[in-house]
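Right, one structure below, let's go through it.
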Amino acid sequence: MTSMEKIQSIKGMKDLLPQDTWMWQRVEDAYRRVMALYNYREIRIPALEKTALFARSIGEETDIVRKEMYTFVDQGGDDLSLRPEGTAGVVRAYIQHSLSIQEPVSKLYYIGPMFRRERPQKGRYRQFYQAGSEIFGAPEPLADIELVIMLRDFFTQLGMQDVTYACNHLGTPESRKAYTQRLIEFFRKDADRLCEDCRRRLETNPLRILDCKQEGCREIIARSPSIESGRPESSSRDFDRFVEGLTDAGVNVRVEPRLVRGLDYYTGIIFEGVTAGPEEGEDSLAIVGGGRYDDLVGQLGGPVTAAVGYAIGLERVIDLCAGRLGPEKVPDVFVVFMGGEAEKVSMRLLHDLRGRGWSCDFDPRAGSLKSQMKRADKCASRFVLVLGEEEVRSGKIKLRDLRSGEQADVSMDDLQKIVGEKLDRVQ
Ligand code: AMP
């Protein structure tokens with residue numbers, strides 16, 4: 001590569017440009033608002049962790065750990081990976097900082113980028129953003145119920161009322177083991193008709209076969225034994241409570257006995273929020289996944305602590321609600337000035353107006369009146385103020401209301417009154 005060749009971003013990792021970032025801010029603000037309403041506190045964890053953390057939590061045999069992590073040995077010889085999801089890091093931090101001693105129940109949330117080297121396609125990236133929440137210390141299904149109700153509230157704020165929550169209960173470790181054995185026996189009979197991945201899963205992680213999307217495998221899966229029959233009473237009772245609690249709250253739940261998730265740490269109730277894709281005729285789209293992972297804190301060396309959480313895929317959410325988020329907020333005022341004295345007055349004016357909480361812009365190139373006006377038009381501010389030598393001398397500023405087209409010469413005092421009133425009305 002010559003030094004003049006342009007360097008492009010990495011495949012599957014996209015830039016979020018200013019024409020889109022305002023939508024991200026709106027969605028993230030909505031998430032933070034809902035978190036504040038439910039009293040969840042933010043946790044920020046590193047993007048890079050020791051590879052062993054993900055191998056021990058997500059599972060050595062999962063697709064994520066086997067083939068999708070960005071893993072490298074750093075200059076100091078440490079085996080590190082970019083986080084492919086948030087829960088493992090949150091659990092590590094929860095243990096490392098003894099949060100269980102500080103409070104018996106912790107309600108936490110995070111927003112940030114995750115990294116998985118998957119095949120890039122629409123709605124699937126190699127760097128993508130998740131917003132997630134976790135509850136530590138509460139084994140009761142009320143915690144699971146709260147999480148899903150919270151999700152419903154968040155999606156409702158974004159105008160997405162049509163999310164359905166598919167859910168299942170994976171039973172206890174013992175019942176899951178027995179169920180896995182039944183699955184192995186069942187799938188062995190048809191092993192030669194399974195896809196290559198599923199044949200391997202049959203040996204390493206048979207539950208994951210249920211998640212295969214291949215046509216041939218789906219047919220066999222449809223006839224496979226259901227998890228419900230061998231599930232202990234206590235699990236089914238918790239699951240019924242969960243489904244009932246959500247139904248009572250008006251949440252769309254759908255029991256799906258063959259639902260499994262791609263991460264090994266899940267133990268009991270699991271759920272996945274799905275909605276129709278943004279284009280007509282598209283397959284339904286998973287926008288959030290989560291569930292119980294009661295063993296993970298203990299497995300990673302912490303005190304045995306029940307836990308439950310979920311992660312929302314923000315790219316998909318933004319794709320789905322993009323049309324409903326607008327319009328982008330424009331500046332309140334754009335200041336145009338001509339001449340040295342007008343420049344000084346304008347700088348003071350900008351400072352003053354911003355001090356009052358109005359968003360203001362100007363063109364620092366201070367070109368011709370025409371070019372500044374063009375720039376004002378482009379940024380579509382609500383008002384334009386024009387200051388020339390004449391205006392400085394008379395103490396009156398030209399105020400143009402771009403929405404009504406009205407124009408008036410106003411004094412400083414009037415300016416603040418007129419602009420303030422109109423802005424109050426439109427905001
Ligand atoms: P998971 O962490 O695999 O349970 O995924 C939770 C949610 O994150 C999914 O429902 C997706 O919406 C989103 N997600 C997972 N992987 C990707 C990806 N590669 N690109 C974009 N979104 C993703």
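Start at 1 and go down the list; that is how both ligands and their atoms are numbered.
- For ligand 1, none of its N or O atoms has an N or O atom of L263 under 3.5 Å away.
- Within the 6.0 Å centre-distance limit, the rings of Y31 and F154 are counted as a close aromatic pair.
- Ion pairing between a basic and an acidic side chain is recognised when a charged N comes within 4.0 Å of a carboxylate O; R403 and D401 show no such pairing.
- Among all non-hydrogen protein atoms, the one lying nearest atom 21 (C) of ligand 1 is G123 O, 3.3 Å.
- Closest non-hydrogen pair, V243 versus T247, comes out as O-OG1, 2.6 Å.
- For atom 9 (C) of ligand 1, the closest heavy atom belonging to the protein is A286 O, 4.1 Å.
- Residue contacts with ligand 1 leave out G273, since none of its heavy atoms falls under 4.0 Å from the ligand.
- The shortest N or O to N or O distance between E315 and ligand 1 is not under 3.5 Å.
- For atom 14 (N) of ligand 1, the nearest non-hydrogen atom of the protein is F128 CE1, 3.7 Å.
- Among E68, R116, R124, the residue whose heavy atom sits closest to atom 3 (O) of ligand 1 is R116.
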Next item on the list: Let me see the working for V335 and D363 under side-chain contact (heavy atoms from CB on, under 4.5 Å), right down to the final yes or no.
Entry: CA-CA 8 Å; V335 176; D363 186 345; over 6 Å; no

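- Contact analysis leaves E272 out of contact with ligand 1, as no non-hydrogen atom separation drops below 4.0 angstrom.
- Of the N and O atoms on the side chains of Y265 and Q299, not one donor lies less than 3.5 Å from an acceptor on the other residue.
- On a distance-only criterion, Y125 and ligand 1 share at least one N/O pair closer than 3.5 Å.
- Using a 4.0 angstrom heavy-atom cutoff, A311 counts as in contact with ligand 1.
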